[in-house]
Each structure stands twice: as C-alpha cells, then as structure tokens.
Amino acid sequence: MSTKDELRRLDEDLARLRAENHDIREQIRDMGATDQIEKAAVISQADEQVELIAELERRRDRLVARLEEEESA
C-alpha cells in the first residue's frame, strides 16, 4: 500500500471515529437521569475513542511527513 493510500484510509478512519464519538457524546447528553453506571460506561467508551483518535492523528502526522519526504526525493 502506498503512503498516499494509507493516508487516505487513515483520514477515512479518523472521520468515521470522530462522527461516532460525536454521536456517543450526543447520546450521553440525551440520556438524562438514567443509571449512572451505564452513563459512566458510555463516557468511558467516548474517552477511549478520543485516545484512539489522538493516536491516529499522530500516525497521520508521521505519514504526512513521510509523504513530503518521498515527494521531495
């Protein structure tokens, strides 16, 4: 897989994860007065996704740098 293909796929994954995380956070706001344990679990899931998004963003930055090196070579 080329660097451009990998970067495109990563961008698609990031967009999907960001949308999912947004949806999860919207669900949390809509929950109202529900079981606090369930709410905490959903918040934890959203926080884990944020960590994954941050890791993928770091990976994306490395790919962009690699692509720039490949193009300047």
Side-chain angles (χ1 to χ4, degrees):
M1 175 183 306
S2 73
T3 303
K4 284 183 181 181
D5 291 337
E6 191 173 350
L7 186 58
R8 180 187 44 76
R9 195 173 107 209
L10 186 59
D11 282 336
E12 291 169 359
D13 289 344
L14 277 167
R16 180 183 50 79
L17 282 171
R18 286 179 180 129
E20 286 177 10
N21 191 266
H22 177 75
D23 290 345
I24 289 171
R25 300 231 181 244
E26 286 294 318
Q27 288 175 5
I28 293 168
R29 282 190 276 283
D30 294 341
M31 281 181 160
T34 71
D35 180 13
Q36 292 302 312
I37 293 173
E38 179 183 349
K39 197 170 190 175
V42 174
I43 290 170
S44 178
Q45 178 186 3
D47 290 346
E48 288 173 8
Q49 269 193 332
V50 167
E51 291 174 23
L52 177 58
I53 289 168
E55 177 59 35
L56 290 177
E57 287 172 339
R58 287 188 292 275
R59 171 77 176 136
R60 184 187 186 289
D61 291 344
R62 290 189 300 269
L63 285 173
V64 168
R66 186 168 79 188
L67 185 60
E68 289 171 354
E69 288 175 10
E70 289 173 1
E71 289 177 349
S72 67

- Message: Between Glu20 and Gln45, is the side chain to side chain contact (heavy atoms under 4.5 Å, CB included) condition met? List the steps.
- Response: CA-CA 11 Å; Glu20 286 177 10; Gln45 178 186 3; over 6 Å; no
- Query: With Glu38, which residues qualify under side-chain contact (heavy atoms from CB on, under 4.5 Å), at least two apart?
  - Reply: Met31, Asp35
- Is the closest basic N to carboxylate O distance between Glu12 and Arg16 below 4.0 Å? no
- Residues Ala46 and Ile24: closest non-hydrogen pair is CB-CG2, 3.6 Å
- Message: Tell me every residue that passes side-chain contact (heavy atoms from CB on, under 4.5 Å) with Arg59, counting only those two or more places apart in sequence or in another chain.
- Response: Glu6, Leu10, Arg62, Leu63
- Residues passing the side-chain contact (heavy atoms from CB on, under 4.5 Å) test with Glu68, sequence neighbours excluded, are Val64
- Message: Could you measure the distance from the CG atom of Asp47 to the CG atom of Asn21? Nearest 0.5 Å is fine.
- Response: 8.0 Å
- side-chain hydrogen bond (donor to acceptor under 3.5 Å, both in side chains) involving Ser72 - partner list, sequence neighbours excluded: none
Side chains of residues 50-57: which donor-acceptor pairs under 3.5 Å do they make with residues two or more places apart or in other chains?
| unit_1 | atom_1 | unit_2 | atom_2 | d |
| --- | --- | --- | --- | --- |
| Glu55 | OE1 | Arg58 | NE | 3.4 |
| Glu55 | OE1 | Arg58 | NH2 | 2.9 |
| Glu57 | OE2 | Arg18 | NH2 | 2.4 |

- Between CG of Leu7 and NZ of Lys4, what distance do you get to the nearest 0.5 Å? 10.0 Å
- Item | side-chain contact (heavy atoms from CB on, under 4.5 Å) partners of Glu70, counting only residues at least two apart | Thr3, Arg66, Leu67
